Amino acid sequence: MEFWRWVGKHFIPGHGNDHRPHLLRRPWLLFFLAFTLATEGFLVADLIARQTSENFLAAVVPGEIIALTNDERAQNGAGALTENTQLDAAALAKAKDMALNGYFAHVGPDGKTPWEWITGAGYQYSYAGENLAVRFVDSQDVVNAWMASPTHRENIVKPVYTQIGVGVAEGLYDGQPATYVVQYFGTPLGAAAAAAPAPAVAALPAPAPVAAASPAPQVEGASVSASAPAVPVAPAPAQGSSFVQSLGRALMRGLSEPASTSNWILGGSAALLLLALVLTFFIHVQIQHPRMLATGATVAGIALFLLVLNVRLTGAGGFWNSGASQAASPIEAAARGGVVIDSQAAATGFALFPR
């Protein structure tokens with residue numbers, strides 16, 4: 001009862017608050033204004049820092065990529081993946097190689113394939129996969145981009161995978177600072193049921209070169225199956241679910257997703273103020289406080305303006321992402337001497353990169 005009375009005094013005009021909801025009074029409005037401006041300042045500082053520095057307040061966090069990936073798997077009926085140190089090492093090595101040499105592809109300039117990075121880290125698999133991303137604003141944006149593409153989404157929700165590793169590296173891409181993200185999936189050799197061999201794909205002439213599209217958010221994914229000598233792989237220890245750990249994870253997610261976090265704060269602030277304004281205007285409409293309503297509307301308008309501005313600046317094609325975020329097509333390799341296939345080429349009947 002006391003709680004609802006408190007809510008009523010903050011949102012609904014009446015005799016108990018002199019028809020002036022507490023949420024629209026000066027102390028609360030100053031709080032909302034200061035909180036809104038501080039949130040925007042944090043976002044802008046983060047974006048500027050990541051444009052001028054390689055490692056300051058990195059927004060793409062491997063642990064968050066793994067957590068968000070497991071969230072997507074849970075929503076699609078797939079089991080949670082455990083983090084594997086060998087896959088982490090392989091992903092980090094691949095990310096650093098792309099950052100050092102300024103390329104973004106499954107197969108490096110030296111011809112090194114995704115599964116060579118995996119086995120080179122000592123991980124022997126029955127199934128493995130790779131997703132790549134570059135120049136994204138935060139962890140959520142990376143996973144959202146992968147899930148938006150059917151081929152990359154397939155890697156994330158594929159039930160056969162049991163383990164995961166993620167690597168993040170900073171470097172230059174097309175002469176501009178960029179964050180490279182590599183995500184490896186794996187099932188240790190002997191841990192999965194025997195799978196039917198992949199259908200043979202006849203090698204066909206490569207398609208004619210296609211003009212590159214204008215820069216846009218991009219991701220890249222690969223799925224691989226092969227046989228190799230078994231090597232014991234220890235799963236990562238299960239994480240506890242204490243309140244402190246949950247709070248720490250929430251804080252880390254907020255820091256690793258500055259754009260999403262700021263948008264939630266700005267949107268929430270504007271929504272609370274608008275609700276109070278609507279209730280104040282329509283309840284006891286004969287008793288109005290124009291100055292209070294105007295001040296509240298101004299603060300709510302500032303929050304909404306900054307929210308729209310952030311969406312325009314940090315969204316795909318926005319100022320901060322213009323020519324930045326990129327994704328490439330997944331490739332697949334059939335087990336035992338199969339053919340690596342680019343998904344776009346496969347759709348038109350072409351087989352690329354014979355293994």
Side-chain angles (χ1 to χ4, degrees), residues 36 38-73 75 83 88 91-92 95 98-99 104 131-149 152-153 156 164-173 176-183 215-221 246-269 306-328:
T36 295
T39 299
E40 185 67 12
F42 169 77
L43 174 63
V44 172
D46 175 83
L47 292 172
I48 292 175
R50 283 187 285 108
Q51 292 290 322
T52 58
S53 173
E54 292 186 358
N55 296 309
F56 178 75
L57 198 60
V60 180
V61 179
E64 275 305 300
I65 295 289
I66 294 173
L68 293 168
T69 297
N70 275 330
D71 289 345
E72 296 293 347
R73 287 176 66 86
Q75 294 175 25
E83 186 174 4
D88 279 339
L92 181 58
M98 288 195 296
F104 179 63
N131 279 345
L132 304 178
V134 67
R135 286 179 171 170
F136 278 84
V137 171
D138 57 37
S139 304
Q140 185 70 66
D141 288 343
V142 175
V143 177
N144 285 347
W146 282 333
M147 290 300 293
S149 167
H152 314 108
R153 178 183 183 277
I156 289 179
I164 188 174
V166 175
V168 177
E170 303 290 336
L172 295 177
Y173 187 64
Q176 297 182 1
T179 299
Y180 291 84
V181 186
V182 178
Q183 181 183 53
Q218 294 186 7
V219 291
E220 184 162 344
S246 299
L247 183 62
R249 177 179 171 182
L251 178 61
M252 179 61 70
R253 177 166 292 188
L255 292 175
S256 66
E257 301 169 15
S260 299
T261 301
S262 64
N263 289 346
W264 274 105
I265 292 175
L266 294 174
S269 299
L306 293 176
L307 175 61
V308 174
L309 181 66
N310 290 348
V311 172
R312 294 291 298 271
L313 291 179
T314 62
F319 175 79
W320 296 107
N321 273 345
S322 180
S325 305
Q326 298 191 5

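When a residue number appears, it is its place in the shown sequence, counting from 1. Being a predicted model, the structure only gives us computed values, none of them experimental. All values below were derived from every heavy atom in this structure, side-chain atoms included, with hydrogens, water molecules and symmetry-related copies excluded.
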Do [X] and [Y] come within less than 4.5 Å of each other through their side chains, counting heavy atoms only?
| X | Y | answer |
| --- | --- | --- |
| Asn131 | Ile156 | yes |
| Leu306 | Thr36 | yes |
| Ile65 | Val60 | yes |
| Val181 | Val134 | no |
| Val142 | Gln183 | no |

Polar side-chain atom of [X] near backbone of [Y] as donor-acceptor pair, under 3.5 Å:
| X | Y | answer |
| --- | --- | --- |
| Asp88 | Val166 | yes |
| Trp146 | Thr69 | no |
| Ser139 | Val61 | yes |
| Arg153 | Ala148 | no |

Within this structure, what is the [atom1]-[atom2] distance for the pair [X] and [Y], rounded to the nearest 0.5 Å?
| X | Y | atom1 | atom2 | value |
| --- | --- | --- | --- | --- |
| Asn70 | Glu83 | CG | CD | 10.0 Å |
| Asp138 | Asp141 | CG | CG | 4.0 Å |
| Ile66 | Ile164 | CD1 | CD1 | 5.0 Å |
| Met147 | Leu68 | CE | CG | 11.0 Å |
| Phe104 | Leu132 | CZ | CG | 5.0 Å |

**Asked** Does the side chain of Glu40 come under 3.5 Å of the side chain of Ser262 through a donor N or O and an acceptor N or O?
**Response**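 The criterion, which ignores hydrogens and geometry beyond distance, is not satisfied for Ser262 and Glu40.
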**Asked** Which atoms form the tightest heavy-atom contact between Gly167 and Ala91, and what is the distance?
**Response**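 Looks like N-CB, 3.2 Å.
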